[in-house]
There are 2 protein chains.
Amino acid sequence: MLYAVFMSSVLPPFPQPQEPFDTPQLLEVGPAPEEPCLRADAARNRARLLEAAARLIAEHGVAGVTMEAVAAAAEVGKGTVFRRFGDRTGLLMALLDHSSRQLQADFLGGPPPLGPGAPPVERLRAFGVAVLYRSADQLDLQLAAQPEPTRRYANPPIQALRTHITMLLRQVEPNADCELLAQTLLAYLDPAQIHHLTRQCGMPMERLEAGWTDLVDRVTRTAPTR
Amino acid sequence: MLYAVFMSSVLPPFPQPQEPFDTPQLLEVGPAPEEPCLRADAARNRARLLEAAARLIAEHGVAGVTMEAVAAAAEVGKGTVFRRFGDRTGLLMALLDHSSRQLQADFLGGPPPLGPGAPPVERLRAFGVAVLYRSADQLDLQLAAQPEPTRRYANPPIQALRTHITMLLRQVEPNADCELLAQTLLAYLDPAQIHHLTRQCGMPMERLEAGWTDLVDRVTRTAPTR
DNA sequence: TACGAATCCGGACCGAAGTCCGCTTAATTT
DNA sequence: AAATTAAGCGGACTTCGGTCCGGATTCGTA
C-alpha cells in the first residue's frame, strides 16, 4: 500500500499557531488548495521526507518511522522534519492526507449514496461503511497517527467528518442536539475502537458494518433497516 | 482533591504478563480484593510512591508527574516505580483506582437508580451521569492516564464499565448487538471527548448530561424522556 | 537462629521526541 | 547584479520513558 506522498498540504509551519479550536468554518472548498507556497528547498525536502517515511513504513512498519530515521533517509537534518510537520503525529497525518482528501471529496461531491443525491440516512449509512473500511486497511498508520487525547478531536480531517455527519443528521432530526449525536456516531468509527473490536475481540468487519447501520437507525429513530 | 492513595491494588507486577485480552471474566466480586501480597518493603514503597505522585499532582499538576520525580519524591529508585506500576499510565491508573472501585461498587451494589432495583433504562441514565461527573473532576488525571490507542479499551476498569452497560442493554434490547451498542455508549463518556466538548467547545455539563439521556433513549428505542 | 531462594532495589544506561540557535540560502527589492 | 531579509537548515542538546542487572532484603524453612 502506498501512501500518496507527492502532493499534500497540511500542517502549521513551525511556531505552530495553535489553531483556533473547532470553529467549523470549513465546508467551503473542502481542503485549502495550497498553503502559502513553500520555498523551493523546503518543498523539495518536504517531498523527500514524505517519501522517506513511506519507504520506512513499507520496510519496517510504522514503528520504524523514527523522526531521526526519516531525517536520515531523506538526507536532511532532524530539525527540518520537526519544522515541517510539527511532530511525529503531524508527519503521520500528512501521510494520511491524500486518502483523507479523497474521502472528503467523495462524500462532498462524489456519486450517491455517499455523495449528494441520496436521502440523508442512506448517505449516513454509506459514510460509515466508507470510513470503516478506509480505517480498516491503514489501521496501523491510523493508530499511530492518533494524537494525544487532548488533540484527538481537534484536527481538520476529523472536524470535516464531524461537520458532515452533523449536517446529515440535521436533515433528519432537526430538533435534536446534532453536534452531540454526530460526536457519538463518529466515535463508533474511531480507529482505536475498530482496532479493539476487530483485532482484540476478533469481530469480523461485517459485524461492525451491521452495527453501524443499526446504530444509525437508532440514533435517527428510523425503523430498523433489515 | 485527593486521590485515594493508601489502599488500592492493581497492575501486573513486572514482566507484565500481557493479560489475555478482553475476556470479561469479572463481575464476580467486582475487584480482586488483594493481590498476591507484596513483600513488606515493596508494599511500603508502593504506598510511598502513590503518596508522592498525589503530592506532585497537587503541586505541579499532572504534567509534574515524571517517573523520576515520583521516584525521587518517594526516595526510591526509578526502577522501583516501573517494577511496581509497569509504566506511567499504570501509575496514573493506580491513582484513579480508588474512585474507580467506588463507582463500580455503586453501580453493582449501591442504591437505585444507579444500583440494582431500578429499571434498566433508568440505571443506564444514572450510570452515564455518574461517569460523566466523575470524569469531569479528575479530568486532567483521566486524560493523562489514557493509555496509547492500542490499549485504550483493554484495561480492567473500562471493561467493567462496558460489561455493566452491556448487561443493562441486554435487559432492554435482548435482540440487538449489545456489545457494539455498549461500546458506543461508553464512547460517549470517554474523558477525551468530555474534555473536547467542555473545554474546547465550551459546552456546559448540563448539555452533555441531556445528550446522554437522549442518546440512551435513542439507542434503546425508548420514547423521548423529556 | 541460620540459611537459601525468591523477590525486590536502585541507578546507570539507552533510544526517541522535541528544542535551540548560529549559519546558509532562496526570494525580493533597488 | 548587489543588497536585504525572511525562511529554512542541521545537528548538538535536553528531557523523559523505559530497560537491565549486580547487589541487597525479606521470608519461609530447618
Side-chain angles (χ1 to χ4, degrees), chain A residues 9 11-18 35-50 52-53 56-57 60-94 144-148 150-151, chain B residues 11-18 35-49 52-53 56-57 60-94 144-148 150-151:
Chain A
S9 46
L11 273 297
F14 209 22
Q16 211 135 343
Q18 196 67 297
E35 64 224 24
C37 200
L38 296 172
R39 228 171 69 172
D41 50 351
R44 177 181 47 90
N45 284 344
R46 182 174 200 279
R48 276 180 158 190
L49 284 168
L50 287 172
L56 283 181
I57 288 187
H60 308 109
V62 181
V65 180
T66 284
M67 295 308 256
E68 242 174 71
V70 175
E75 300 183 87
V76 142
K78 193 178 173 185
T80 305
V81 192
F82 283 93
R83 158 176 321 277
R84 191 56 54 211
F85 299 102
D87 58 10
R88 198 179 111 106
T89 296
L91 172 60
L92 297 178
M93 290 207 305
Q146 197 125 107
E148 36 141 16
T150 15
R151 308 212 188 297
Chain B
L11 274 298
F14 208 22
Q16 210 134 346
Q18 196 66 294
E35 63 221 27
C37 201
L38 295 173
R39 233 170 66 171
D41 50 351
R44 176 180 47 89
N45 284 344
R46 183 175 200 281
R48 277 178 157 193
L49 283 168
L56 283 181
I57 288 187
H60 308 109
V62 181
V65 181
T66 283
M67 295 308 258
E68 244 175 71
V70 175
E75 301 182 87
V76 140
K78 192 178 173 184
T80 304
V81 193
F82 283 94
R83 158 177 319 276
R84 191 56 53 210
F85 298 102
D87 59 10
R88 198 178 111 105
T89 296
L91 171 60
L92 297 179
M93 291 207 305
Q146 196 126 105
E148 34 139 18
T150 15
R151 310 213 189 295

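The chains referred to below are lettered A, B, ... by the order of the sequence lines, with proteins before strands, and numbering in each begins at 1.
DNA chain D is contacted by both B/Arg44 and B/Thr66; B/Thr66 maps to the nucleotide lying nearer its 5′ end (nearest heavy atom per residue). Nearest-nucleotide positions on DNA chain C for B/Glu68 and B/Asn45 put B/Asn45 closer to the 5' end. Nucleotides of DNA chain D nearest to A/Glu75 and B/Ala40 differ in position, and the one nearer the 5' end is that of A/Glu75.
In terms of modelled atom types and a separation under 3.5 Å, the side chain of B/Arg88 and the main chain of B/Ala144 share no donor-acceptor contact.
With rounding to whole Å, A/Asp41 atom CG is found 8 Å from D/dG8 atom P. Rounded to an integer number of Å, the gap from CE of A/Met67 to P of D/dG10 is 14 Å. Here the C1' atom of nucleotide C/dG10 and the NZ atom of B/Lys78 are 11 Å apart, to the nearest Å. The nearest whole Å value for the distance from the CD atom in A/Glu148 to the P atom in C/dA17 is 15 Å. In this structure, the CZ atom of A/Phe85 is 14 Å from the P atom of C/dA17, given to the nearest Å. Atom pair A/His60:NE2 and C/dA16:P shows a separation of 12 Å (rounding to whole Å applied). Computed from coordinates, the A/Arg88 CZ to C/dG15 P distance equals 17 Å when rounded to whole Å. Atom CG in B/Leu91 sits about 10 Å away from atom P in D/dG17, given to the nearest Å.
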- Task: Report the C-alpha separation of A/Arg46 and A/Phe85 in whole Å, then their side-chain angles, then the decisive distance to 0.1 Å, and conclude whether the side chain to side chain contact (heavy atoms under 4.5 Å, CB included) test is met.
- Result: CA-CA 9 Å; A/Arg46 182 174 200 279; A/Phe85 299 102; 4.0 Å; yes

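Put simply, CG on B/Asp41 and OG1 on B/Thr80 are 9.0 Å apart, with the number rounded to the nearest 0.5 Å. Within the model, atoms CE of A/Met93 and CG of A/Asp87 stand 7.5 Å from one another, a figure rounded to the nearest 0.5 Å. With rounding to the nearest 0.5 Å, the separation of CD in B/Gln146 from OG1 in A/Thr150 is 9.5 Å.
Here A/Ala40 pairs with nothing under the side chain to side chain contact (heavy atoms under 4.5 Å, CB included) rule; sequence neighbours left out.
Of the listed residues (A/Val76, A/Leu38, A/Leu50), just one forms a side-chain contact (heavy atoms from CB on, under 4.5 Å) with A/Asn45, and that residue is A/Val76.
Side-chain N/O atoms of A/Thr80 include none lying less than 4.0 angstrom from OP1 or OP2 on D/dG8.
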Expected rows: protein N/O vs nucleotides 3-7 of chain D N/O, under 3.5 Å:
residue	atom	partner	partner atom	Å
D/dA7	N3	A/Arg39	NH1	2.6

